Structures are given as structure tokens and as C-alpha cells.
Amino acid sequence: MTHAMLKGSNVPLEATTVRAVLRWTPGQGVPDVDVSALLLGPDGRVRSDEDFVFYNQPRHPSGKVWRLGKKRIAEGLTDTIQTELSGVEPGVGRIVLVASADGVAFDQVPALCILLYDAAVADGEPLARFEIKPETGAETALICGELYRRGEGWKFRALGEGYSNGLKGLATDFGISVDESEMEEEPVPSQPLPPEQPTAAVPAQPPAYGYPQPMSAPVAVAGDPYFRLPPQGPQFLGR
């Protein structure tokens with residue numbers, strides 16, 4: 001059963017490996033969104049810059065936290081972090097899951113949510129789902145939630161806390177030494193192109209040198225009901 005979570009709520013995790021899937025609806029004016037993870041020590045900060053898993057550093061040196069990358073699905077776009085909880089180093093007490101936008105506020109990102117899955121169960125239902133609502137709408141980075149130790153096990157807490165100075169400001173707060181060149185956003189994957197369809201043939205007409213040429217009706221190109229060839233014929237396309 002999927003736990004529908006409210007901000008600040010938590011849920012215990014029995015899974016040993018989890019996938020945290022950030023999902024949103026793309027569209028006109030919607031910025032690109034990326035998911036990241038910060039592995040925090042007892043003081044609530046990273047132990048080194050290697051504890052930052054993001055698009056330019058997609059795998060932690062321990063091999064236990066890594067980024068799976070972006071994917072287009074029927075519901076929109078996703079970006080995913082996977083964590084093998086049973087193998088996380090004892091010095092890591094929390095793993096913060098972060099969403100960042102490409103310099104645009106999150107009030108422009110519709111249907112933003114994070115879903116937590118048991119990675120060992122193929123096509124299983126989410127263990128937890130959190131609909132993320134920015135507090136001000138001006139945030140360009142959000143802490144979506146965190147995986148944290150509780151006794152011998154792990155829990156997930158829904159957070160939704162925002163930063164107006166983007167991923168750079170958020171990472172700096174947790175002790176990351178930010179390199180501007182490394183923080184350049186990853187491009188969103190392009191839509192798959194539709195298969196080519198044959199173009200309607202246009203009958204050749206002999207040139208009428210010195211005389212006005214007859215005006216033929218515009219011809220539709222297959223696959224695009226709004227495109228019309230000019231009356232002179234296809235030889236003028238692309239000029």
C-alpha cells in the first residue's frame with residue numbers, strides 16, 4: 001500500500017534498496033528539473049564533496065548511492081536516485097533528496113512529487129508518495145525529503161523545504177565547495193521523433209516561360225494537416 005505523505009510525516013522502510021523518483025509534468029515554460037542527494041554525517045553536513053551525488057557526479061564512491069537519470073513516462077518526466085540502504089557507511093546518518101530547477105522558480109513546475117519504491121520489486125506500487133508544494137513559489141531548489149537512520153533501520157521523511165538561491169546555495173549550506181562549472185544544468189532529454197511518413201507527390205508541370213504559371217491548389221503534407229506547399233511546387237522548400 002502506498003503511503004500518501006504530508007509535510008513532516010515519516011514512514012519506516014523495510015526495503016534494503018530504494019528508488020526515489022522525482023516526477024513532474026513538462027510543458028511550455030516549465031524549467032528542467034534535476035534530482036540530487038547529499039550524504040550527511042553526524043553534524044548534519046557532508047564529510048567531503050564526494051558526498052554530493054548529482055548530474056555531474058552521478059555515483060557515490062561507496063557505490064551505494066547513485067543517479068539513474070531522466071526518463072519520459074506517460075505521466076511526465078522523472079529523475080531518479082537509488083540507494084542501497086543496507087550498505088550505506090555507518091558514518092552517514094541522513095541522505096537528503098533534493099530537486100533543483102534550471103534557474104526558474106518551482107511555481108512554474110506542475111505536478112511535482114517524489115515517489116519511493118522498493119527497488120527489489122519490479123513494477124511494484126510506490127511505498128510512499130509526497131506531493132511537493134513550494135511554500136512561496138520562488139524556490140529554485142527544494143529538499144523533497146530525507147532517508148534517515150532510526151535504530152537499526154531506516155525511515156523516510158517528507159520535507160518540501162525550499163531555497164531561493166538554487167542548488168548552489170543549498171549545497172553550500174551542507175558544506176559543499178561549489179565549483180561553478182560543475183553546477184551547469186544537465187539538458188532535458190528531447191522528445192522521441194515520430195516515424196517519417198511519405199510525402200504526397202506533386203505532379204510535375206512543364207515550365208511556362210514568359211507566361212503566368214497556373215495556380216494550383218495547396219497540397220497538404222502527410223502527417224501535418226496545417227502545413228501547405230507553396231503553389232510554385234516543392235522545388236522552393238528550404239530556400
Side-chain angles (χ1 to χ4, degrees), residues 1-9 11 18-38 53-56 58 65-83 95-119 121-147 156-171 183-195 223-226:
M1 183 182 71
T2 300
H3 292 267
M5 304 191 69
L6 300 174
K7 185 173 181 176
S9 63
V11 60
V18 295
R19 290 196 320 272
V21 179
L22 186 69
R23 192 179 77 194
W24 67 99
T25 301
Q28 186 69 31
V30 177
D32 189 16
V33 180
D34 296 285
V35 69
S36 311
L38 295 108
V53 177
F54 69 121
Y55 41 82
N56 282 337
V65 183
W66 65 99
R67 185 171 176 267
L68 294 180
K70 295 184 180 176
K71 185 178 179 182
R72 289 188 182 272
I73 60 174
E75 295 86 354
L77 271 173
T78 65
D79 200 4
T80 302
I81 293 281
Q82 185 154 311
T83 304
I95 300 172
V96 174
L97 303 169
V98 174
S100 57
D102 189 10
V104 181
F106 268 100
D107 62 356
Q108 301 297 313
V109 182
L112 183 68
C113 67
I114 189 166
L115 304 108
L116 210 65
Y117 292 86
D118 183 342
V121 180
D123 301 321
E125 291 186 0
L127 303 174
R129 176 191 179 104
F130 176 41
E131 304 285 345
I132 306 168
K133 306 294 184 185
E135 291 183 349
T136 68
E139 298 90 343
T140 53
L142 290 167
I143 300 177
C144 304
E146 63 179 4
L147 303 164
F156 172 72
R157 179 183 288 120
L159 291 174
E161 299 172 355
Y163 283 70
S164 60
N165 52 353
L167 186 59
K168 175 184 175 182
L170 187 153
M183 300 298 285
E184 293 179 358
E185 297 288 347
E186 180 188 49
V188 65
S190 59
Q191 284 276 16
L193 296 175
D224 188 347
Y226 300 102

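The first residue of the sequence shown is numbered 1, and numbering continues consecutively from there. Bear in mind the structure is a predicted one, so any value in this text is a computation, not a measurement.
- Partners of Arg129 according to the salt bridge (charged side-chain N to carboxylate O under 4.0 Å, His left out) rule, which considers only residues two or more places apart in sequence or in another chain, are Glu131.
- Considering all non-hydrogen atoms of both residues, Pro26 and Gly76 come closest at CD-CA, 3.8 Å.
- A donor-acceptor pair under 3.5 Å is formed between the side chain of Lys70 and the backbone N or O of Val33.
- Thr140 and Ser164 make their closest contact through OG1-O, 3.3 Å (heavy atoms, listed as atom of the first residue, atom of the second, distance).
- Listed for the Ser100 side chain is no donor-acceptor partner under 3.5 Å among the backbone atoms of Gly166.
- Between the CD1 atom in Ile73 and the OG1 atom in Thr78 there is a gap of 5.0 Å [rounded to 0.5 Å].
- When all heavy atoms of Gly160 and Ile132 are compared, the pair lying nearest together is CA-CG2, 4.4 Å.
- The shortest side-chain heavy-atom distance between Leu159 and Phe130 does not fall under the 4.5 Å cut-off.
- With rounding to the nearest 0.5 Å, the separation of CZ in Arg19 from CG in Asp118 is 8.5 Å.
- Lys133 meets the salt bridge (charged side-chain N to carboxylate O under 4.0 Å, His left out) test with no other residue; sequence neighbours excluded.
- Counting all heavy atoms, side chain and backbone alike, Glu139 lies closest to Pro134 at OE1-CB, 3.2 Å.
- Distance check, rounded to the nearest 0.5 Å: CG of Leu112 to CZ of Arg23 gives 10.0 Å.
- The distance from the OG1 atom of Thr2 to the CG atom of Leu127 is 7.5 Å, given to the nearest 0.5 Å.
- For Gln108 against Pro31, the heavy-atom pair with the smallest separation is O-CD, 3.7 Å.
- Contact annotation: the side chain of Ile143 approaches that of Leu170 to within less than 4.5 Å [non-hydrogen atoms, C-beta and beyond].
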> Yes or no on side-chain contact (heavy atoms from CB on, under 4.5 Å) for Ile95 and Ile81, after CA distance, side-chain angles and deciding distance?
Replying inline: CA-CA 11 Å; Ile95 300 172; Ile81 293 281; 5.9 Å; no
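- When side chains are defined from C-beta on, Phe156 counts as touching Leu97, because their heavy atoms get closer than 4.5 Å.
- In plain terms, the two heavy atoms of Ser36 and Phe54 that are nearest each other are OG-CB, 3.5 Å.
- Using a 4.5 Å cut-off on side-chain heavy atoms (C-beta onward), Tyr117 and Val21 make contact.
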